Amino acid sequence: MRNAVKQSWITFKSIFTGMGVTIRHFFGPTVTLQYPDERMELPKGARARLFVNIDDCIGCNLCARACPVNCIDIETVAATQDVDLGKTSTGNPKRFWLTRFNIDMAKCMYCDLCVHPCPTNCIYMVPEYEYSEYDRSNLVYHFSNLEPDMVAEVKEKAELEAEQKKRDREEMMRKKAEEKAKKEMEEKKKAEEKSEATSDDKPANDKQGEE
Amino acid sequence: MMEVISKDTGKREMVINMGPQHPSTHGVLRLELVLDGEVIKEAEPNIGYLHRCFEKYAELMDDYAKVIPYTDRMDYVSAINQEHGYVIALERMLELEVPERVEYIRVIMAELQRIASHLLGIGAFGLDLGAFTPFLYCFTEREKILDIFERATGARLLYNYFAVAGLMRDVHPEFKTETSDFVKTFRPKIKELNDLLSYNSIFIKRTANIGVLPEKVAFNYGASGPVLRGSGVKWDLRKNDPYSIYDRFDFEIPVGSGELGTLGDCWDRYIVRVREMEQSLRIIEQALDGMPDEGDVMAAIPKRIRPKEGEIYTRTETPRGELGYYIISDKSASAFRVKARAPSFVHLSMLPAISKGSLIADMVAIVGSIDIVLGEVDR
Ligand code: SF4
Ligand code: SF4
């Protein structure tokens, strides 16, 4: 009997201790925010959405290679010699047209791994979190600012130049081969002469050979 | 079609499914229970609903560093601790020296994460047993920790913050003051929690003498962490096999003692977590005092991670127990084999042993008290 009374007293007391805590909290400050009306300020470095400053991108593909889930899709076309794409704000020369730079934010896991390798710091996270979409495809962000006809144009130009270059290279190879043959002939001749010539000629000859 | 229910029962028994979408199973756990009236005759956990091939991914990635975000996703409640084990394994393989400042920040982060994880475990445990209020108060405190994390790492849950021999970014300038403020305000909250939940008679009635895990059974199953300590075994890898710089700190290992019931019951496991939070606060305070203010946290990160041929097993103490990574390197850019020894998985396997003979209502308490995260069980 006494035990039962004691037990009841303990239970009673523990419940009221708990009640005391809740009452203290009741009169304490609120911790919740009434979301669409109030918003929490995200801190500066929050990782919420990727952004690419495409003007600064040099198309080096490092970010795409660092991504564990392959959600960055980059296509580049080498710029032809007649155009100068300028430099990025960090001073790196730009050599590629970025014909495609898509990031699938639906796949992205905000790991920040793509941000660190970028040489021009042009891919980074922005504290922007209200970007849900009804259609999944809308979450694929297109960062390339080239128009489709422009893309076709630069591709064509690049192809032409590539072909030209290939031809040039072949031409050059042929010339080189000819020159080489000529030089070898000359060298042979010189070697024959050298046996009679003084030792002063030797270094000069070597240099020529290197060139 | 596959048989969904595999149990064959006699006349008196009934099979019911608990989960996988049951509100009081932590995540997608499915339990097949054979009941005799209200008494559990047999319990069998069915897992795999959250399997994401962590180990296979870890072997397929073309870079060791790319696996770190995947480790976060194993036990998403204590992501920092998961990363910690993995980067330590790689650092030992590469024989890298970790800068002092990095080590201190890591320890602070890991202990903060431990508190956050225990708060969730405790809160959800109370919630399972019908105590709604402590859950909200625990979450209020947990939010504060997540705020600190967010300012430091940029993310709230899955941080990808630790890099091999470094950190992904430096902490914000107010990190120290913010954290020590938190430590100060959090101490009284533990007492509040004790008043509200730990020593509440109803809560004690629901947890004491329930789901008793004797020391021997715990050893046989390979239990670790608070589950093992709840059974009265003083075993903590931070003390028994120190990693990082844990040997520099002064803290105690709380163990269960069967104060209010039998040794190794649900209440013991619960109270170990509460007391561990206090110890974590002690570690954080000491680490904040010792943390150097200067130092580049990214300087020592290697460009290429190519460990020598060989294998390694490292274990760390996560809020749930011993998390081990077994990595075999074949000198290529990714591991030949990665195996994660997840404490939740081990603890879940004990469930049939400790729940036999208890009431079905207590099953919820038992599952809550071993504090599993299904993300880690299934990986
Ligand atoms: S944040 Fe991570 S997942 Fe997202 S694009 Fe960058 S590397 Fe890929
Ligand atoms: S790493 Fe930077 S510069 Fe290179 S492709 Fe990506 S965004 Fe562009």
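All chains are named by letter (A, B, ...) in the order of the sequence lines, taking the proteins before the strands, and each is independently numbered beginning at 1. This is a predicted model, so every value here is computed, not measured.
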Check the surroundings of atom CZ in B/Arg304: do more than 12 heavy atoms from other residues, nucleotides or ligands lie under 6.0 Å from it?
-> no

Okay, B/Leu197 and chain A: the region with an atom under 4.5 Å from a heavy atom over there is neither

A/Phe51, CZ atom: more than 12 neighbouring heavy atoms under 6.0 Å = yes

Looking only at B/Arg156, B/Glu143, B/Arg169, the option with the highest number of non-hydrogen pairs under 4.5 Å against chain A is B/Arg169

Verify side-chain contact (heavy atoms from CB on, under 4.5 Å) between B/Ile202 and A/Ile15, making sure each step is shown before the conclusion.
-> CA-CA 8 Å; B/Ile202 304 167; A/Ile15 288 173; 4.1 Å; yes

Smallest separation among heavy atoms of B/Met61 and A/Pro68, with atom names = CE-O, 3.4 Å

What do you reckon, is NZ of B/Lys205 surrounded by more than 12 foreign heavy atoms closer than 6.0 Å?
-> no

Looking at CD of B/Glu192 and NE2 of A/His25, how far apart are the two atoms once the value is rounded to the nearest 0.5 Å?
-> 3.5 Å

Tell me, for B/Met168 versus chain A, whether the close heavy atoms (under 4.5 Å) come from the side chain, the backbone, both or neither.
-> both

Flag the pair B/Tyr70 / A/Met109 as yes when at least one side-chain heavy-atom distance between them is below 4.5 Å, and no otherwise.
-> yes

B/Phe336 atom CZ, neighbour heavy-atom count above 12 within 6.0 Å = no

Report the residue from B/Asn194, B/Leu196, B/Thr133 that forms a side chain to side chain contact (heavy atoms under 4.5 Å, CB included) with A/Val21.
-> B/Leu196

Which residue out of B/Ala163, B/Ala65, B/Pro69 racks up the most heavy-atom pairs below 4.5 Å with chain A?
-> B/Pro69

Around atom CZ of A/Phe26, are there more than 12 heavy atoms of other residues, nucleotides or ligands at under 6.0 Å?
-> no

Flag side-chain contact, heavy atom, 4.5 Å: B/Ile68 against A/Leu113 = no

Look at the side chain of A/Thr17 and the backbone N and O of B/Asp195, then say whether any donor-acceptor pair between them is shorter than 3.5 Å.
-> no

Counting heavy atoms not belonging to B/Arg337, are there more than 12 under 6.0 Å from its CZ?
-> yes

Among A/Cys67, A/Ala48, A/Ser14, who wins on heavy-atom pairs under 4.5 Å with chain B?
-> A/Ser14

Rounded to the nearest 0.5 Å, what's the gap from CZ on A/Arg47 to CD on B/Glu150? Could you check?
-> 10.0 Å

Would you mind checking which part of A/Arg65 comes under 4.5 Å of any heavy atom in chain B, side chain (CB onward), backbone (N, CA, C, O), both or neither?
-> backbone

Should we say atom CD of A/Glu38 is surrounded by more than 12 heavy atoms from elsewhere, each under 6.0 Å from it?
-> yes

Counting heavy-atom pairs under 4.5 Å with chain A, the top scorer among B/Tyr57, B/Tyr159, B/Phe203, B/Tyr161 is B/Tyr159

Toward chain A, the part of B/Lys191 with a non-hydrogen atom under 4.5 Å = neither

Check whether B/Tyr137 gets within reach of chain A through its side chain, its backbone, both or neither, counting any heavy atom under 4.5 Å.
-> side chain

Determine whether more than 12 heavy atoms belonging to other residues, nucleotides or ligands lie under 6.0 Å from atom CE of A/Met185.
-> no

Toward chain B, the part of A/Met125 with a non-hydrogen atom under 4.5 Å | neither

Interatomic distance, A/Thr32 atom OG1 to B/Leu136 atom CG [nearest 0.5 angstrom] = 10.0 Å

On a heavy-atom basis, the closest approach of B/Ser201 and A/Thr11 is OG-CA, 3.1 Å

Side chain / backbone / both / neither for B/Asn200 at chain A, heavy atoms under 4.5 Å | both

